[in-house]
Amino acid sequence: MKIPYTGDVDSFANLCCVSQVPVLVLGGARSDNERDALELFAEGLEAGCHGCLMGRNVTKSPDPKVDAPTLPGRA
(Lines give C-alpha, C1' and ligand atoms only; values in the text may rest on other atoms or scores of the structure.)
Protein backbone atom coordinates (compact mmCIF):
# COMPACT_ATOMS: atom_id res chain seq x y z
CA MET A 1 0.00 0.00 0.00
CA LYS A 2 1.38 3.44 -0.85
CA ILE A 3 0.86 6.05 1.85
CA PRO A 4 1.98 9.70 1.99
CA TYR A 5 4.38 10.36 4.85
CA THR A 6 2.63 11.85 7.87
CA GLY A 7 5.62 14.00 8.79
CA ASP A 8 6.09 12.10 12.04
CA VAL A 9 7.89 8.78 12.55
CA ASP A 10 5.57 7.63 15.36
CA SER A 11 2.30 8.24 13.50
CA PHE A 12 3.69 6.69 10.31
CA ALA A 13 4.92 3.70 12.32
CA ASN A 14 1.37 3.25 13.59
CA LEU A 15 0.07 3.14 10.01
CA CYS A 16 2.74 0.61 9.06
CA CYS A 17 1.89 -1.48 12.11
CA VAL A 18 -1.88 -1.64 11.54
CA SER A 19 -1.58 -2.22 7.81
CA GLN A 20 -2.07 -5.81 6.81
CA VAL A 21 0.07 -5.39 3.68
CA PRO A 22 3.56 -3.94 3.09
CA VAL A 23 3.61 -0.14 3.12
CA LEU A 24 5.54 2.07 0.69
CA VAL A 25 6.04 5.72 1.60
CA LEU A 26 5.36 8.22 -1.17
CA GLY A 27 8.35 10.39 -2.07
CA GLY A 28 6.47 13.65 -1.64
CA ALA A 29 6.58 16.92 -3.51
CA ARG A 30 9.61 17.85 -5.62
CA SER A 31 12.31 19.45 -3.54
CA ASP A 32 15.35 21.38 -4.73
CA ASN A 33 17.25 19.82 -1.84
CA GLU A 34 17.76 16.10 -2.47
CA ARG A 35 18.45 15.68 1.25
CA ASP A 36 14.74 16.34 1.98
CA ALA A 37 13.67 13.32 -0.08
CA LEU A 38 16.36 11.13 1.47
CA GLU A 39 15.34 12.14 5.00
CA LEU A 40 11.70 11.36 4.20
CA PHE A 41 12.75 7.93 2.93
CA ALA A 42 14.98 7.29 5.96
CA GLU A 43 12.20 8.26 8.38
CA GLY A 44 9.76 6.02 6.51
CA LEU A 45 12.19 3.10 6.84
CA GLU A 46 12.67 3.89 10.53
CA ALA A 47 8.88 3.76 10.91
CA GLY A 48 8.72 0.32 9.31
CA CYS A 49 7.81 0.88 5.67
CA HIS A 50 9.08 -1.59 3.11
CA GLY A 51 10.28 0.97 0.57
CA CYS A 52 9.68 4.29 -1.10
CA LEU A 53 8.07 5.47 -4.31
CA MET A 54 9.88 8.46 -5.80
CA GLY A 55 8.74 10.22 -8.93
CA ARG A 56 9.50 13.92 -9.35
CA ASN A 57 12.47 13.82 -6.98
CA VAL A 58 14.17 11.53 -9.49
CA THR A 59 12.63 12.40 -12.86
CA LYS A 60 13.04 16.16 -12.35
CA SER A 61 16.55 15.97 -10.94
CA PRO A 62 19.37 17.43 -13.06
CA ASP A 63 20.60 13.93 -13.97
CA PRO A 64 18.06 11.16 -13.23
CA LYS A 65 20.23 8.44 -14.79
CA VAL A 66 22.92 9.17 -12.22
CA ASP A 67 20.68 9.91 -9.23
CA ALA A 68 18.22 6.99 -9.40
CA PRO A 69 20.69 4.09 -9.04
CA THR A 70 22.39 5.72 -6.05
CA LEU A 71 19.25 6.24 -3.93
CA PRO A 72 19.16 2.85 -2.19
CA GLY A 73 22.64 3.33 -0.77
CA ARG A 74 22.08 6.90 0.39
CA ALA A 75 18.91 6.66 2.48
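Keep in mind that the numbers below use all heavy atoms, side chains included, and drop hydrogens, waters and symmetry copies.
- The salt bridge (Lys or Arg N to Asp or Glu O under 4.0 Å) contacts involving residues 37-52 comprise R35-E39, where partners must be two or more places apart or lie in separate chains.
- With sequence neighbours left out, S19 forms a side chain to side chain donor-acceptor pair (under 3.5 Å) with no residue at all.
- Of all heavy-atom pairs spanning L26 and L40, the tightest one is O-CD2, 3.3 Å.
- Applying the side chain to side chain contact (heavy atoms under 4.5 Å, CB included) criterion to C49, with sequence neighbours excluded, gives F12, C16, V23, V25, L45.
- Sequence neighbours left out, not one pair with a member in residues 2-18 passes salt bridge (Lys or Arg N to Asp or Glu O under 4.0 Å).
- In the hydrophobic clustering of this structure, V21 groups with I3; members are Ile, Leu, Val, Met, Phe, Trp, Tyr whose side-chain heavy atoms approach within less than 4.5 Å, directly or through other members.
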